[in-house]
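Computed over heavy atoms, backbone and side chain alike; hydrogens, waters and symmetry mates excluded. Bear in mind the structure is a predicted one, so any value in this text is a computation, not a measurement.
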Amino acid sequence: MRVYLCWFFGLLLLKEGQPFSPSAPFQNSPNRGEPLWTERVSDADGPNGAAAPNSRDAPEAVDHNLHVGGVGEAMSRLGAAAPTVWSEFGRLAQENEVVNLGQGFPDWLPPDFAIESLVEAVQDSAQSPHQYTRPAGHPSLVKQLARRYSAHLRKEIDPMNEVAVTVGASQALYLSLQTLIKPGDEVILFEPFFDLYVNQVKLAGGTPVFVPLTFVPYDDSEDVISGGEWVLERDSLMQAVTTKTKAIILNSPHNPTGKIFTRDEMEFVAESLELANPDCVVLSDEVYKYIIHSPPKRAEEESLFCRGHVHFASLPGMWDKTLTISSAGKTFSATGWQVGWVVGPDHLVTRIHRLLPYVQFCASTVIQEALARSLPRADEPYKGHDSYYDYLRERYTRKRDLLANALRESGFAVPDYDRTPGGGFFIFARIGKSIQNQLPADRLFAPNVAAPGGVARQDWALCQWMAEEHGFLCIPSGPFFSLDKAEEGAPDEFVRIAFCKTDETILAAAEALRKMHENSGKTAINGETSDIVVEAEKNERRI
């Protein structure tokens with residue numbers, strides 16, 4: 001009772017506008033040393049954070065030590081335990097004074113109306129939200145979701161049979177795969193990918209099959225490192241899909257690149273189903289749909305609520321072949337609420353209904369009720385904008401530009417958002433030559449059990465060096481690629497940097513990057529003089 005009262009009065013303090021830092025138990029400054037918990041990833045991942053088979057035909061390596069002591073099938077499918085990128089960079093965040101732009105969660109409070117909805121739900125004795133609710137989803141929430149998706153998809157959604165509520169989008173994906181995949185089935189992943197996908201496919205008994213997105217630079221001149229776009233090539237997809245393909249995971253807006261799949265690319269996915277198993281389903285992960293900060297030009301095809309977003313299930317003939325997955329965490333800056341959902345045809349969703357009571361009886365009733373109250377309020381005018389969603393988009397656009405400018409000034413290449421659509425809250429930045437020249441040679445290919453292949457390639461070595469020597473933490477791109485691609489060097493030039501942080505945090509990061517850039521003009525690294533040093537010497541001779 002005492003614990004409950006402390007929690008409840010904490011909520012009342014939030015309602016009264018008291019200051020709050022989500023990382024307060026871990027540090028004095030909200031910018032430094034963020035907590036070790038991370039986004040939807042477990043330390044049970046393989047040595048790559050998402051280690052993958054080298055090909056669909058190659059037998060997967062088995063750690064026979066796993067079978068000592070009667071380890072279960074799920075653990076055997078995951079393989080040997082090892083540190084991951086998340087545990088490794090969580091450690092670096094704790095051991096060094098860093099500005100942390102690694103983890104993908106906001107460091108500010110949810111909107112006022114969401115906190116007020118939560119307090120109201122806690123106090124509502126008539127609704128009794130402190131007890132179990134319907135395992136498939138709290139009635140008030142599934143009705144709200146059905147109302148919204150009926151508008152999104154321009155078809156009537158049955159709240160009781162075509163919506164399932166889960167503990168976050170991770171569980172929505174997990175349960176979807178569990179209902180679809182059996183050993184021997186293949187699942188298409190677009191590479192780079194959010195690393196959680198690989199091990200969820202393995203846990204279901206499936207085999208990940210990787211379809212690479214092609215990076216197309218704006219300027220492909222030999223001596224130029226520019227930003228660019230990630231493109232899905234039709235032939236690459238068609239060659240990968242076979243009658244063994246039982247699922248395709250589509251993530252748009254995309255983590256880690258920020259890519260928004262075009263209508264044409266989505267139609268490639270729809271076309272590929274003709275080559276797949278007749279029961280193949282597209283799992284459309286749309287958790288960033290309200291954070292499209294640079295919408296595509298073909299706006300007439302977008303969702304009514306999500307400017308610039310196209311729901312895959314809205315394509316002709318795709319409703320019956322799609323499970324749409326989303327959550328509240330990214331949209332309402334409340335990743336700890338952990339409420340996700342699946343929307344789709346009843347013949348697919350009712351399978352998830354059957355599994356839910358055996359995984360957990362229900363997601364938190366209080367949080368579901370709070371979200372049900374928040375959704376209609378989000379459509380109302382908010383802080384000078386027509387709706388909360390308009391406010392959110394403007395806020396993230398400004399933060400994106402703040403970070404992008406700092407990255408460009410320090411030598412990274414970033415997308416040009418005037419020409420390239422973008423969404424989510426990450427910048428997949430390309431490592432410029434001046435930054436490459438700063439990286440000490442002994443950092444490259446140093447042994448690191450958490451890195452893909454057990455060695456720190458350029459992306460990993462740079463991120464570790466920046467954290468330890470310059471107080472700036474971001475995430476290497478290697479764990480978002482298959483092991484084959486990582487060892488080929490595909491991730492070497494990229495790092496993932498989050499801008500879902502306060503302006504104070506982003507400005508602190510910009511200052512750390514500025515100081516690092518200044519050092520590049522003073523120091524010769526790797527036994528060679530950097531380009532900035534050469535230019536500085538030329539200018540000095542002119543003077």
(message) Could you tell me if E286 and S284 have a donor-acceptor pair between their side chains, going purely by distance under 3.5 Å?
(response) yes

(request) Indicate yes or no for a side-chain donor-acceptor contact from T322 to the backbone of T324 under 3.5 Å, with no hydrogens or angles considered. (result) no

(message) I'd like to know if the side chain of N251 and the backbone of D285 have a donor-acceptor N/O pair within less than 3.5 Å.
(response) yes

(message) Once rounded to the nearest 0.5 Å, what's the spacing between atom CH2 of W337 and atom OG of S327?
(response) 12.0 Å

(message) Can you pull out every salt bridge (Lys or Arg N to Asp or Glu O under 4.0 Å) where at least one residue sits in residues 350-370? Sequence neighbours excluded, please.
(response) E369-R373

(request) Kindly indicate, with the supporting measurements, whether the criterion side chain to side chain donor-acceptor pair (under 3.5 Å) is fulfilled by E191 and S482. (result) CA-CA 8 Å; E191 185 175 25; S482 62; 2.6 Å; yes

(request) Could you tell me whether H254 and F428 have their ring centroids closer than 6.0 angstrom? (result) no

(request) State the CD1-CD distance between I248 and E186, to the nearest 0.5 angstrom. (result) 11.5 Å

(request) Validate the cation-pi geometry between K501 and F105: distance from NZ or CZ to the six-membered ring centre under 6.0 Å, angle to the ring axis within 45°. (result) yes

(request) Measure the spacing between CD1 of I325 and CH2 of W341 and express it to the nearest 0.5 Å. (result) 12.0 Å

(request) For residues L180 and L348, determine if any side-chain heavy atom of one lies less than 4.5 Å from a side-chain heavy atom of the other. (result) yes

(message) With a 3.5 Å distance limit and no angle check, can you tell me whether S314 reaches the backbone of L153 through a side-chain donor-acceptor pair?
(response) no

(request) Would you confirm whether E267, through its side chain, and L315, through its main-chain N or O, come within 3.5 Å as a donor-acceptor pair? (result) no

(request) Indicate yes or no: does D379 engage R148 in a salt bridge with an N to O separation below 4.0 Å. (result) yes

(request) Without swapping roles, check the side chain of H130 against the backbone of V122 for a donor-acceptor pair under 3.5 Å. (result) yes

(request) Would you check, one step at a time, whether the test side-chain contact (heavy atoms from CB on, under 4.5 Å) holds for V198 with F210? (result) CA-CA 10 Å; V198 172; F210 304 102; 4.0 Å; yes

(message) Checking side chain to side chain contact (heavy atoms under 4.5 Å, CB included) between I188 and each of I249, L237, V201, L250, which is the one that passes?
(response) L237

(request) Working to the nearest 0.5 Å, report the span between OG1 of T502 and NZ of K399. (result) 6.0 Å

(request) Evaluate the criterion side-chain contact (heavy atoms from CB on, under 4.5 Å) for residue pair I367 and Q338; output intermediate values, then yes/no. (result) CA-CA 8 Å; I367 299 297; Q338 283 294 283; over 6 Å; no

(request) Show the numbers, then the answer: is there a ring pair (Phe, Tyr, Trp, His ring centres under 6.0 Å) between Y388 and F332? (result) CA-CA 9 Å; Y388 167 73; F332 293 105; 5.6 Å; yes

(message) Does any part of the side chain of L375, heavy atoms only, come nearer than 4.5 Å to the side chain of L371, both counted from C-beta?
(response) yes

(request) Using atom types as modelled and distance alone, determine if a side-chain donor or acceptor of T179 lies under 3.5 Å from a backbone N or O of S176. (result) yes

(message) Measuring from atom CZ of F361 to atom CZ of R134, what distance do you get when rounded to the nearest 0.5 angstrom?
(response) 11.0 Å

(request) Run the salt-bridge test on D390 and R393 with the 4.0 Å N-O cut-off and return the result as yes or no. (result) yes

(request) Establish, yes or no, whether a centroid distance under 6.0 Å links the rings of H385 and Y382. (result) no

(message) Looking at T242, is its backbone amide N or carbonyl O close enough to the side chain of T245 to form a donor-acceptor pair, meaning the two atoms are under 3.5 Å apart?
(response) yes

(message) Quick check: F480 with F494 (ring centres under 6.0 Å apart)?
(response) no

(request) Considering only NZ, NE, NH1 and NH2 on the basic side and carboxylate oxygens on the acidic side, decide whether D503 and R398 come within less than 4.0 Å. (result) yes

(message) Between K182 and K246, is the side-chain contact (heavy atoms from CB on, under 4.5 Å) condition met? List the steps.
(response) CA-CA 9 Å; K182 61 181 183 298; K246 286 289 292 297; 4.0 Å; yes

(request) Before giving the answer on side-chain contact (heavy atoms from CB on, under 4.5 Å), spell out for T365 and Q131 the whole-Å C-alpha distance, their side-chain angles and the decisive distance to 0.1 Å. (result) CA-CA 7 Å; T365 311; Q131 310 306 325; over 6 Å; no

(request) Please check if the distance between the ring centroids of F312 and F261 is under 6.0 Å. (result) no

(message) Could you tell me if the side chain of Y174 sits less than 4.5 Å from the side chain of V167, heavy atoms only?
(response) no

(message) Closer than 3.5 angstrom, by distance alone: can the side chain of R496 be matched with the main-chain N or O of I475 as a donor-acceptor pair?
(response) no

(message) Quick test of your reading of the model: are K259 and E265 salt-bridged, counting only N-O distances below 4.0 Å?
(response) yes

(request) Among Y288, Y290, F499, find the residue that satisfies the ring-ring contact (aromatic ring centres under 6.0 Å, His included) test when tested with F425. (result) Y288

(request) For the pair S236 (side chain) and L213 (backbone), establish whether a donor and an acceptor sit closer than 3.5 Å, ignoring hydrogens and angles. (result) no

(request) Evaluate the side-chain proximity of V310 to I260: yes if any heavy-atom separation is below 4.5 Å, no if none is. (result) no

(request) Enter the distance from L175:CG to Q200:CD here, rounded to the nearest 0.5 Å. (result) 8.5 Å

(message) Please check this pair: side chain of Q368 against backbone of A363, looking for a donor-acceptor N/O pair closer than 3.5 Å.
(response) yes

